[in-house]
Amino acid sequence: MIGEQQDLLKSWLRKSTTPVGLAKRARAILMLASGETFCKTSQYVGMGERHIRKWARRFISLFCHFPGGRSLEAS
């Protein structure tokens, strides 16, 4: 994860107007990026591990691209 993405997710966590669901997803992505496991992340944010994995895949497909426009999923 690059600094800009991390800064954006952290800003969502700081804002009191961020919807709870979005804040949970941002927290989960940040925890996973720091090396935390899916199981511990799901317990901490209060979401099922299946949902954590789904949001991690979505984040990767939207924000993690290689040169030439390919995403991490396509490699």
Q: NZ of Lys54: more than 12 outside heavy atoms within 6.0 angstrom?
A: yes
Q: Looking at Trp12, is its backbone amide N or carbonyl O close enough to the side chain of Thr18 to form a donor-acceptor pair, meaning the two atoms are under 3.5 Å apart?
A: yes
Q: Would a distance-only check, ignoring hydrogens and angles, find a side-chain to backbone donor-acceptor pair under 3.5 Å from Thr41 to Phe38?
A: no
Q: Could you walk me through whether Tyr44 and Ile52 pass the side-chain contact (heavy atoms from CB on, under 4.5 Å) check?
A: CA-CA 11 Å; Tyr44 184 83; Ile52 299 295; over 6 Å; no
Q: Show the nearest heavy-atom pair for residues Ala23 and Leu13, with the distance to one decimal.
A: O-CD2, 3.3 Å
Q: Report yes or no: do Val45 and Leu22 belong to one cluster of Ile/Leu/Val/Met/Phe/Trp/Tyr joined by side chain heavy-atom distances under 4.5 Å?
A: no
Q: Nearest 0.5 Å please: distance from the CD1 atom of Ile29 over to the OG atom of Ser34.
A: 11.0 Å
Q: Search all heavy atoms of Ser42 against all heavy atoms of Gly48 and return the closest pair with its distance.
A: CB-C, 3.9 Å
Q: Would you check if Arg57 and Arg53 make a side-chain contact, meaning some heavy-atom pair closer than 4.5 Å?
A: yes
Q: Considering residues at least two apart in sequence or located in another chain, which fulfil the side-chain hydrogen bond (donor to acceptor under 3.5 Å, both in side chains) criterion with Glu36?
A: none
Q: For residues 9-30, which residue pairs qualify under salt bridge (charged side-chain N to carboxylate O under 4.0 Å, His left out), counting only residues two or more places apart or in two chains?
A: none
Q: Rounded to the nearest 0.5 Å, what separation is found between the CH2 atom of Trp55 and the CG atom of Leu32?
A: 13.5 Å
